[in-house]
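For reference, the structure discussed in these notes is given below.
Residue numbers start from 1 in every chain, and the chains themselves are labelled A, B, ... in the order their sequence lines are given, proteins ahead of strands.
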Amino acid sequence: MIRSALLAVTAALCPLTALADDQTLDIAAPFELKGLDPALSGDIFLRLEIAETLVDSDAKGRLRPGLATEWTTSEDGLEWRFRIREGVAFHDGTMLDAAAAAISLNHARSHEGLLSRAPITDIRADGADLVVALSEPFAILPAFLAEYRSQILAPASYGPDGEVVALIGTGAFRTTEVSPPQTLAAERFEDYWDGAARIPALRYTAVTRSETRALMAESGDAELVVTLDPASVTRLSELEDLEVVSAPLPRVLMLKVDAASPFFDSAAEREALSMAIDRAGLAQVVLRYDASADQMFPPNMDGWHDAALPPLSYDPEAARALLEQAGWTPGDDGIMQKDGQRFAVELVTYPDRPELPLTATVLQQLFHDIGVDIRIVSSNSSEIPARHAAGTLQMGLMARNFALVPDPTGTLLQDYAPGGDWGAMGWDNPEAAQLIRRMASEGATPGDRARIAAIFRQDLPVIPIAWYQQTAAISDRVEGITLDPYERGFGLARAGFVE
Amino acid sequence: MRGLTGILAFRLAQAAGVALVVGVMSFLMIQAMPGDAAYRIAAARYGYDMVSSQAADAVRAELNLDAGALAQFGGWIADLLRFDLGRSVVSGEPVAHEIAHQLGATLHLSVVALLIALLIGPPLGVLAGLRAGGLLDRVLLVAAAGLRAMPQFLLGLVLIVALAVEAGLLPSAGHGRAAHVVLPALTLALGLAAGSARIARDLMAGIAASQHYAFARMKGLSDGQVLRHHGLRNIAAPLLTYLGLQFVFLAEGVVVVETIFGWPGIGHALIHAVFHRDVPMVQGTALVMGLGFVVLNALIDLAAGRIDPRGVTA
Amino acid sequence: MTLLKARDISVTDGRDRLVQPLSLTLRPGRALTILGESGSGKSLLAQAILGTLPKGLHASGELHVDDVALDPARPRGNRALWGRLIAVLPQEPWLALDPLMRAGRQVEETHRMVAGSADARAATARDLSELGLSGAGARWPWQLSGGMAQRLAFAAARAGGAPITVADEPTKGLDADRRDDVLALLQRGLRDGGGLLTITHDLDLARGLGGDIIVIRDGCAIEQGEAAKVLADPSHPYTRRLIEADPARWPPRKPSVPGAALLRARDLVVSRGGRALTGPQDIDLHRGEVMGIQGPSGCGKSSLGNALLGLLPVAGSVWRDPSLPKVAFQKLWQDPVAAFPRRLRLGQGIDDLVALHRLDASEVAPLMARLALRSELLDRLPAEVSGGELQRLALLRALLLKPAFLFADEPTSRLDPVTQAETFDLLTGIARERDMAMMIVSHDASLLRASCDRVLRLPDQPPAR
């Protein structure tokens with residue numbers, strides 16, 4: 001009996017006989033694969049350099065040629081022409097042309113997403129050019145085309161009903177296995193237009209638990225592990241055969257308030273809340289790196305960060321004074337009151353990012369010190385836009401990425417002109433709304449960006465708390481892997497194993 | 001003896017009952033959960049940075065969520081009668097495909113775990129039971145209690161640290177290579193082995209102390225012969241029934257273990273589906289798992305009945 | 001010629017000698033019976049010879065089986081005897097048979113694996129047909145009647161071809177018919193020239209087997225000799241008392257005069273675990289009547305009594321005289337030790353009972369005298385008095401409540417024959433004095449015949465799972 005049981009175990013182990021091989025780069029990250037459509041998991045395909053976009057961006061968020069070599073706009077700004085790069089092969093051997101690019105972009109435009117909300121009237125091929133017709137000028141269109149949902153797949157990727165049935169991109173790696181939600185395997189694409197990659201193959205595994213990811217880095221099972229929890233960063237930093245790297249992200253931990261509610265309807269009240277926050281202490285305790293935000297945009301956002309702005313500071317005494325100026329007086333229980341109403345509000349947050357509920361608890365304490373009573377509701381990320389839409393959100397603690405589109409104007413357009421799901425709520429500032437809309441349609445000058453930063457600092461439609469960092473553990477068996485603040489990739493096409 | 005057709009009819013009725021109850025329960029559970037489903041589904045599809053009112057409205061329109069709960073449930077039943085489980089509202093894939101993929105992974109994991117557990121647990125339990133009160137018995141009691149008390153989450157991490165990080169024998173997590181199954185399966189198996197060792201030990205001790213066991217020895221059979229002919233078979237039926245019940249434990253463990261080890265199984269998928277309000281996935285998964293239990297129980301009953309005909313033919 | 005020779009076999013538990021040095025010899029075709037009451041050490045003697053003494057007990061002496069010398073102090077060596085030189089008959093054949101192996105296979109495996117028979121199947125078929133078990137080979141043990149199981153176990157034990165048979169209490173709990181079956185089986189072995197060592201307290205069996213007898217009491221052989229002579233003309237007073245205590249020799253009962261109706265049951269069916277144990281029964285009981293319930297173990301006798309007492313739900317109807325209080329229906333338990341709290345002084349229990357039911361405490365002393373209970377027993381714990389005394393104390397407890405009906409469930413099965421005779425004498429005497437109805441459960445037909453007005457026999461049932 002024991003003999004046959006042993007045989008059975010061996011047999012059960014055998015169906016997958018592929019051996020661990022040193023020529024495969026193993027990547028572990030928390031993001032699960034949801035499907036083949038770029039709208040679902042395009043961010044992963046882009047980072048693994050399987051699919052590409054017409055427009056690319058560099059580490060500073062500046063646009064640069066991708067599958068399009070150059071682009072121009074008409075005098076009236078209503079027509080854009082993108083010259084399609086020659087000699088680019090899809091993974092199925094067919095060649096990229098403007099018609100193929102038009103199919104992909106029309107697919108993206110017909111689904112919920114950025115392109116469906118842009119003022120586009122038509123996308124078509126015209127010889128070697130892809131032509132996008134607009135109903136009004138839209139200067140940030142190239143940035144929109146750099147977003148992952150605008151990636152270009154081969155015509156054969158789409159089934160008869162227009163759904164994505166295969167992942168045939170132009171990137172340096174060609175998929176060999178896509179098994180949502182956990183696994184994606186790819187091999188080097190020898191005919192890559194920018195020269196074949198050095199790494200023969202890669203394997204992506206979605207591992208949601210950060211403890212497991214850290215152990216995968218430690219055991220050497222993954223050469224690249226993305227997103228580490230603060231405790232693991234400390235431990236992994238002490239190991240010799242791997243390196244822990246971090247890069248600032250244009251992602252901001254912030255407090256969103258309903259600026260139309262009696263609690264937050266003056267800039268003074270919002271400033272008081274901001275002054276109640278001990279950002280340095282909070283970043284040290286919760287995030288475990290110094291990332292306190294003294295204004296909205298982090299320093300790596302060129303032109304948006306303005307070092308000359310008066311920094312957001314911690315001063316609970318001044319905060320109480322500001323509230324009292326705004327008509328609030330401390331009640332018997334120490335909580336501020338005005339017109340018989342206690343300063344008691346609900347704060348909605350979500351545990352997808354583990355630091356958020358922790359931050360919320362710290363905030364509860366800090367706000368209590370200035371006489372503001374917070375009740376925490378830790379729910380689902382979608383509760384913030386859902387309650388915003390329903391008008392029932394009082395306060396939301398969240399993390400917002402300004403680089404969904406390489407040009408932050410795209411995000412600001414959704415969030416602050418005049419408000420939106422992940423941005424301002426009940427905030428009335430015609431100047432900012434007008435300015436953002438003009439930047440989107442006509443383009444921005446450095447002065448415009450600084451002006452936006454100044455308005456945000458002064459008016460505090462949302463209250464920034466900390467700037468995020470991206471962390472990763474990289475094995476010393478590989479070289480050339482980089483972290484990109486705009487989270488478009490890891491430089492895999494140029495990376496290689498150490499000889 | 002109850003006719004085979006009778007047993008079959010009973011099991012079929014049971015399966016239909018399970019299908020209905022599971023369908024209704026999972027549907028009601030999800031309906032009772034707070035929050036706007038359209039937003040939850042949008043968040044699941046596009047990620048939290050991308051969920052917006054527009055995305056939620058698009059989801060609502062696409063899935064016709066305003067039609068009401070009853071219409072959705074009716075639709076599910078109608079589809080079910082055509083053996084169609086519908087499509088996941090998150091990935092858009094047919095639920096049947098997703099389940100087939102994930103169930104395969106879970107079955108692979110479970111079967112390996114079960115085999116490891118069977119290799120470790122019952123043999124140790126039998127040895128301990130043959131010398132009840134002996135050193136092995138006492139050591140096993142402590143070890144089994146410790147293993148049962150240890151949360152699987154912790155056990156999994158301990159195994160990764162010991163066998164993957166420190167010893168470097170096995171890959172820590174992931175899916176795709178043969179060796180990947182070992183650690184998650186071992187995590188599941190140790191708990192199962194502990195339980196089955198205790199049961200096998202108690203059963204064996206009971207049998208070894210029984211008059212028929214003593215009589216078999218007095219007949220002149222050797223210890224090995226007595227164990228093979230009058231011991232193992234006699235503990236097999238109750239042990240099998242116990243293992244059948246342990247599948248519930250396995251299913252529960254699978255959820256934790258799959259998440260720790262990044263194993264693309266059905267437990268992991270079910271949690272996500274509940275979180276994402278993916279009603280067709282939840283219903284489909286619960287249905288398949290429910291029916292799986294019915295089939296499993298039927299098979300175990302059949303096997304146990306073959307080993308121990310008392311009660312079947314009496 | 002001798003088959004087995006044991007010299008100066010003794011057993012100790014490290015402190016006390018439980019069996020005094022004793023020698024015995026087994027000859028082909030001649031039975032040797034060790035006679036004694038329970039606790040006399042007769043089973044220990046058999047276990048010392050077989051090498052199956054419980055942990056903590058040690059044997060010494062000399063043992064020769066079939067010219068092989070064995071050391072009883074090192075029982076491991078005895079294992080080689082089992083099945084090959086000595087066949088051991090089980091006490092309870094239903095429990096000795098593997099419930100999950102078909103009947104024939106249990107004989108066949110001994111032929112194959114112990115005797116090394118070339119055609120075990122044919123040998124088995126021969127055994128079964130000789131024992132009237134043809135066709136039963138494919139059945140499961142729980143599908144056999146008690147008698148069939150007995151014969152099958154006999155065949156299975158002896159299929160290894162051992163010349164010597166050892167039977168420890170082979171008739172324990174059996175009724176007369178089954179006892180005769182066992183006797184016939186044992187005689188069959190003797191006829192083939194085998195040796196037979198039987199341990200029993202059953203005088204009928206000893207008489208039937210003939211040969212030699214050793215009477216044991218308190219670990220000592222007090223009398224030995226030819227069976228016919230010892231049983232007809234015992235020289236030791238204890239042997240005489242033992243023989244006198246045989247229910248068959250009890251004076252016949254004077255029939256009672258039935259009084260008022262006390263209890264009536266119609267279409268009573270007792271079941272356990274969904275299985276009916278008895279067919280529909282009609283039972284009528286009047287004051288002063290003593291009724292016996294007879295049947296082998298597990299047939300539902302106790303359940304029937306409990307049903308009449310209203311302790312078990314039943315199908316059918318039971319009427320108890322409604323003018324009587326509930327405590328007028330009492331039960332005497334089979335195992336008196338289990339019926340008393342272990343750490344409570346016996347007198348305390350009696351005092352509590354008197355207080356609880358507001359009884360007249362002055363009745364205790366005369367009743368104790370009637371039951372031959374000394375008053376100092378009340379200062380002791382249950383473990384400090386004998387089984388017979390304890391059962392009489394249980395009877396005292398029941399009688400204090402002035403019962404109209406007493407259900408006695410195997411009241412003497414844990415007592416030795418002499419004590420059994422005394423206890424029964426008391427029970428039936430008191431029933432007559434107090435005009436009390438009694439129902440006595442036993443497997444022993446002669447005992448019931450000697451002490452009851454009428455006897456209800458329940459059929460054989462395999463033991464519950």
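Here the closest heavy-atom approach between residue B/Ser91 and residue A/Leu40 is recorded as O-CD1, 3.9 Å. In terms of heavy-atom proximity, B/Ala56 sits nearest to B/Ala38 at O-CB, 3.6 Å. Across all their heavy atoms, B/Ala164 and A/Asp221 have their closest contact at CB-OD2, 4.4 Å. Looking at every heavy atom in both residues, B/Pro184 comes nearest to B/Trp263 through CG-CE3, 4.4 Å.
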(request) Give the intermediate values and the outcome of side-chain hydrogen bond (donor to acceptor under 3.5 Å, both in side chains) for residues B/His272 and B/Asp278. (result) CA-CA 8 Å; B/His272 276 237; B/Asp278 195 344; over 6 Å; no

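Annotation: B/His97 is not in aromatic contact with B/His101 [ring centroid separation under 6.0 Å not met].
B/His276 places none of its side-chain heavy atoms less than 4.5 Å from the side chain of B/Ser88. Counting heavy atoms from C-beta outward, B/Ser53 and B/Tyr39 have side chains that approach closer than 4.5 Å.
Residue B/Glu93 does not touch chain A at all, counting heavy-atom pairs closer than 4.5 Å. For chain B, the nearby part of A/Ser379 is the side chain; its heavy atoms alone come within less than 4.5 Å. Neither the backbone nor the side chain of B/Glu62 comes within less than 4.5 Å of any heavy atom in chain A. At a 4.5 Å heavy-atom cutoff, A/Phe402 makes no contact with chain B through either its backbone or its side chain. The parts of B/Ala173 that come within reach of chain A are both its backbone and its side chain, each placing non-hydrogen atoms under 4.5 angstrom from that chain. Proximity to chain A is absent for every atom of B/Leu114, based on heavy atoms less than 4.5 angstrom apart. Only the side chain of A/Thr205 comes within contact range of chain B, judged by heavy atoms closer than 4.5 Å. Contacts of A/Arg213 with chain B are absent, with no heavy-atom separation under 4.5 Å from either backbone or side chain. B/Ala44 touches chain A through its backbone: at least one of N, CA, C or O sits under 4.5 Å from a heavy atom, while the side chain does not. Looking at A/Ala399, only its backbone comes within 4.5 Å of chain B, counting heavy atoms on both sides. At a 4.5 Å heavy-atom cutoff, the contact between B/Ala55 and chain A is made by backbone and side-chain atoms alike.
Annotation: maximal heavy-atom pairing with chain A below 4.5 Å, among B/Ile41, B/Leu157, B/Ile260, B/Ile160, occurs at B/Ile260. Contact count versus chain B (heavy atoms, under 4.5 Å) is highest, among A/Gly35, A/Ala386, A/Ala39, A/Ser381, for A/Ala386. When each of B/Ala58, B/Gly174, B/Pro171 is scored by its heavy-atom pairs under 4.5 Å with chain A, the top score falls to B/Pro171. Chain B forms the most heavy-atom pairs under 4.5 Å with one residue out of A/Arg400, A/Gln414, A/Arg387, A/Glu163, and that residue is A/Arg400. In terms of heavy-atom pairs under 4.5 angstrom with chain A, the leader among B/Asp57, B/Asp36, B/Val51, B/Val161 is B/Val51. Considering only heavy-atom pairs separated by less than 4.5 Å from chain A, the leading option among B/Ala269, B/Gly35, B/Pro264, B/Ala43 is B/Pro264.
For the salt bridge (Lys or Arg N to Asp or Glu O under 4.0 Å) test, residues two or more places apart in sequence or in another chain that qualify with A/Arg353 are A/Glu355. Remark: B/Leu103 engages B/Ile99, B/Leu107, B/Ile266, B/Val288 in a side-chain contact (heavy atoms from CB on, under 4.5 Å) (not counting sequence neighbours).
Distance check: B/Leu159 CG to B/Leu183 CG gives 6.0 Å after rounding to the nearest 0.5 Å.
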